[in-house]
Amino acid sequence: QAPSVRRGAIWLFVFCVLPLTAPLGFLIGLPWYRRRRNVLARQPTMYSALCRLGLWIAAAQSLFAVLMFMIYSAVRGS
């Protein structure tokens with residue numbers, strides 16, 4: 001189970017860092033991370049850190065996109 005969790009952590013980070021897939025990466029990645037947190041704790045620290053960092057980046061990117069959309073809508077009057 002450990003190699004698949006390691007691979008999953010890397011994929012989670014990749015999907016969370018890419019701006020186009022960040023919202024989906026966050027929505028799918030957060031439950032995935034919570035279910036596998038104990039397995040990740042037994043792995044090298046890098047994998048758990050990749051998951052947490054990726055989730056934070058995805059949340060920030062998604063929030064930034066929503067904020068920019070709201071500002072654009074307010075300025076354009078749509």
Side-chain angles (χ1 to χ4, degrees):
Q1 186 179 8
S4 66
V5 170
R6 289 180 185 179
R7 236 178 283 119
I10 293 170
W11 279 110
L12 172 66
F13 181 76
V14 168
F15 282 120
C16 287
V17 170
L18 296 174
L20 185 64
T21 59
L24 191 60
F26 181 77
L27 291 176
I28 293 172
L30 188 60
W32 183 89
Y33 173 71
R34 286 187 175 183
R35 276 194 309 268
R36 290 163 179 84
R37 193 179 343 188
N38 293 332
V39 177
L40 282 166
R42 294 189 299 264
Q43 304 306 314
T45 311
M46 178 186 77
Y47 296 103
S48 181
L50 276 177
C51 290
R52 287 192 310 257
L53 183 62
L55 289 170
W56 275 106
I57 290 171
Q61 283 182 353
S62 301
L63 224 61
F64 181 73
V66 168
L67 181 66
M68 289 296 113
F69 175 73
M70 290 171 56
I71 291 173
Y72 178 78
S73 295
V75 169
R76 297 294 287 177
S78 296

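All values below come from the heavy atoms of this structure, side chains included, with hydrogens, waters and symmetry mates left out.
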| Approximate separation, where rounding is to 0.5 Å, of R76 CZ and I71 CD1 |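 CD1 of I71 is found 14.5 Å from CZ of R76.
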
| field | For W56, all residues meeting ring pair (Phe, Tyr, Trp, His ring centres under 6.0 Å), sequence neighbours excluded | value |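 If we apply the ring pair (Phe, Tyr, Trp, His ring centres under 6.0 Å) test to W56, skipping adjacent residues, there are no hits.
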
| message | Just to verify, what does F15 make a ring pair (Phe, Tyr, Trp, His ring centres under 6.0 Å) with, not counting sequence neighbours? | response |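 With neighbours one apart ignored, the set is W11.
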
| Can you list the residues that meet the side chain to side chain contact (heavy atoms under 4.5 Å, CB included) rule with L20, with sequence neighbours excluded? |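 Not a single residue meets the side chain to side chain contact (heavy atoms under 4.5 Å, CB included) criterion with L20.
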
| task | Hydrophobic side-chain clustering at under 4.5 Å (ILVMFWY, transitive links): who's grouped with M70? Put none if nobody. | result |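 Direct or chained contacts put M70 with V66.
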
Only distances under 3.5 Å count here; give the side-chain donor-acceptor pairs of residues 22-50 to other protein atoms, sequence neighbours excluded, each with its distance to 0.1 Å.
unit_1: Q43; atom_1: OE1; unit_2: R6; atom_2: NE; d: 2.8
unit_1: Q43; atom_1: OE1; unit_2: R6; atom_2: NH2; d: 2.9
unit_1: S48; atom_1: OG; unit_2: R52; atom_2: NH1; d: 2.9

| Which heavy atom of I57 sits nearest a heavy atom of C16, and at what distance? |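 In this case the closest contact between I57 and C16 is CG2-O, 4.1 Å.
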
